[in-house]
Visitor: 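Structure provided below as structure tokens; questions to follow.
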Amino acid sequence: MNAGELLSLCKRRGFVWPSFEIYGGVAGMYDFGPLGSALKDNIVAVWRDAYKRGEGFVEIDSPTVNPEAVFKASGHLDEFSDYVVQCRGCREPFRADHLVDGLHPNPDTLDAEALKGLMVENGIVCPDCQGELGEVEDFNLMFKTSIGPGSNRAGYLRPETAQGIFVNFPHLYRYNREKLPLGVIQHGRGYRNEISPRQGIIRLREFNMMEVELFVDPEDKSWPRFAAVADETLRLVPEDGSERELRLSQAVEEGVIANDVLAYFIWLTKGLLERMGVDGARLRFRQHLKDEMAHYAMDCWDAEVLLSYGWTEVVGIADRGCWDLSQHAAWSNEEMVHFKRFDEPREVERAALKANYRGLGPMFKGEAKEVARLIEQRSPDDVSDGVLTVEKDGVQLEVPDSLFEAVTVKEKVTGERVVPHVIEPSHGLDRIFYTVLEHAYRREEDYTVLALRPEMAPIKAGVFPLMARDGLDEKAQEVFAMLTEEGMEAFYDDSGSIGKRYARMDEVGTPWCVTVDYETLEEGRGLKGTVTVRDRDSSEQRRVAISELAATLKSLLKGADFAKI
RNA sequence: GCGACUGUAGUCUAGUGGUUAGGACCGGGGCUUCCCAAGCCUCUAACCCGGGUUCGAAUCCCGGCAGUCGCACCA
């Protein structure tokens, strides 16, 4: 198939539309139409079900505009704010600050103009081909804004939802009664001012993510449910480039996947994607190469699906280590730690300094108490040649050893503080959305069917009168109202021939169609009559009593076999 | 951001300087039709935007926007 056919269907039927089309459109932005919006919600619902209900994770929702500090801490500001200059000859791009290395004490602090000036002064040319260099350009892939009136406080549209979870770690940790593991999910929009959005909905400037952050004990990356799935297999492409079908237990034992918890969530991702309708035969997990990995990641696996565009990343499952929490702790001065209680409190002997108050008093008068405190913060290792140097109000004080003594203190330690490690399965919702459609797309001759899994289908049932007359239409309206009342997404249609109506529903992935015919009327009023239920994939039909219809459709939705109803 | 190609109803497309801008599908209305895009009648609906050349531009030129492909980018 080609992507154009599917994109055309998406536009015609109301799955996705290019945004702002009446004004010429904006690259990398798409609207979800009525059916697309429903499909997107269904994907989110399955993801939420798997993590929130299935794994007991908690969900939050945080702002898309974040203050600058968040991205200073996360590293995004530095990573994204490169000044780049491109060679006019060979077109190779270079980091401008790297080209002027050594010509300025701190090239990082220069702006584009200063960098350009410095390069012109020093006659810098392309390191590769000695060609002339173009203008210095700011390559900041984050959208910048300002918070509040004036432009005092810089803000950025978040490039990922993850930071909203990390900055809330202290709240979440308390919410979880100070226990690990702690799983948190968030879905929402993210923004990256991509240089060149491509391939329809695959690379967007404003996109949807479903992110999961699992905080675990850095010394314990086991997972209680791992044993239950240890014999399941995964199609893996480790960094050596080989492709292997491995059992989870094998993969961890052989060191292909770093630990149990990472392996478990790779397995969970596989099940999740297949439940959404991703074809298992077109799904694999590829390990990031060392140089491909984000600055913070310890290990990272991408779920890749085969699309008409080629293998495409849809989920990234990374072990981010302690990077995020450590960074936010350092920049915010908040503690971002887990207090890991020992099974039994431990007696620990520690070398310490004890102040000699009797000697300090006369010498330092009113400041003696403060000096004593400074002394006791230090350890015997800090003493050299019988003198301890402490700093008080910016002044160095030399304290002779007559004013303190080295002692051994016994302390009871009930636990230790550790920075949790983060396992992050991060899902590209728009890409999954596209994959679900492409993997469901079937075309024979001129007939198109979207074989969406029923759980994904925006419309669960089409409701038709066989003829739009003789009371069949009124009866069908009743059936439609009944299904709607039961909470089913149904769609009423009485135009054109019955075949045309089936075809319309097939094209948008509706799994079942209900037809009211003359037999229905003969069988009496109320719920007594029967209707035909037609299955999209087999195009077979069964007669079902109207009184049973909602229950039957619901059981089909849960996976009942159509042939057995 | 660079290069090549492209932009006509909702969709697919014909039209290479003067056309009532043609067709097909879809969609709306009607007739017909007792279960898989049948048929008939009928209707709606388009030259991406802005400049220029020309008596006259969908058509030629320039710029923008958007798309496809390649290069680069993709934390």
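Since we're looking at a predicted model, the values are computed, not measured. Letters A, B, ... mirror the listed sequences (proteins, then strands); counts begin at 1.
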Visitor: Nearest to the side chain of Ser495(A), which nucleotide is it out of rA38(B), rG28(B), rC35(B)?
Guide: rG28(B)

Visitor: Considering every strand shown, what is the Watson-Crick or G-U wobble mate of rG56(B) when both distances are under 3.5 Å?
Guide: none

Visitor: Is any side-chain nitrogen or oxygen of Lys11(A) closer than 4.0 Å to OP1 or OP2 of rU11(B)?
Guide: yes

Visitor: Report which part of the nucleic acid Ser539(A) touches: base, sugar-phosphate, or nothing (heavy-atom distance under 4.0 Å, all strands).
Guide: base

Visitor: Return the pairing partner of rC35(B) with a 3.5 Å limit on both distances, Watson-Crick or G-U wobble; otherwise return none.
Guide: none

Visitor: Which one is paired to rC71(B), where only Watson-Crick or G-U wobble pairs with both distances under 3.5 angstrom count?
Guide: rG1(B)

Visitor: Parallel, tilted or perpendicular for Phe433(A) and Phe15(A), by the 30°/60° rule?
Guide: perpendicular

Visitor: Counting only side-chain heavy atoms from C-beta out, which of rG28(B), rA38(B), rC36(B) sits nearest to Arg504(A)?
Guide: rG28(B)

Visitor: Where along residues 459-471 of chain A does a heavy atom fall under 4.0 Å from RNA chain B?
Guide: Leu466(A), Met467(A), Arg469(A)

Visitor: Using a cut-off of 4.0 Å on non-hydrogen atoms, how would the nucleic acid contact of Arg501(A) be classed: base, sugar-phosphate, or nothing?
Guide: nothing

Visitor: Apply side-chain hydrogen bond (donor to acceptor under 3.5 Å, both in side chains) to the pair Gln199(A) and Tyr434(A), showing each step before the final yes or no.
Guide: CA-CA 11 Å; Gln199(A) 298 169 323; Tyr434(A) 181 80; over 6 Å; no

Visitor: Indicate whether OP1 or OP2 belonging to rC35(B) is found under 4.0 Å from a side-chain N or O atom of Thr515(A).
Guide: no

Visitor: Could you let me know what rC40(B) is paired to, Watson-Crick or G-U wobble, both distances under 3.5 Å, or none if it's on its own?
Guide: rG30(B)

Visitor: Base, sugar-phosphate alone, or nothing: which one does Glu160(A) contact when heavy atoms must sit under 4.0 Å apart?
Guide: nothing

Visitor: Now, which nucleotide makes the Watson-Crick or G-U wobble pair with rA45(B), with each of the two distances under 3.5 Å?
Guide: none

Visitor: Going from CD on Glu213(A) to CD on Gln163(A), what distance comes out if it is rounded to the nearest 0.5 angstrom?
Guide: 8.0 Å

Visitor: Counting only side-chain N and O atoms of Lys500(A), is one of them less than 4.0 Å from OP1 or OP2 of rC35(B)?
Guide: no

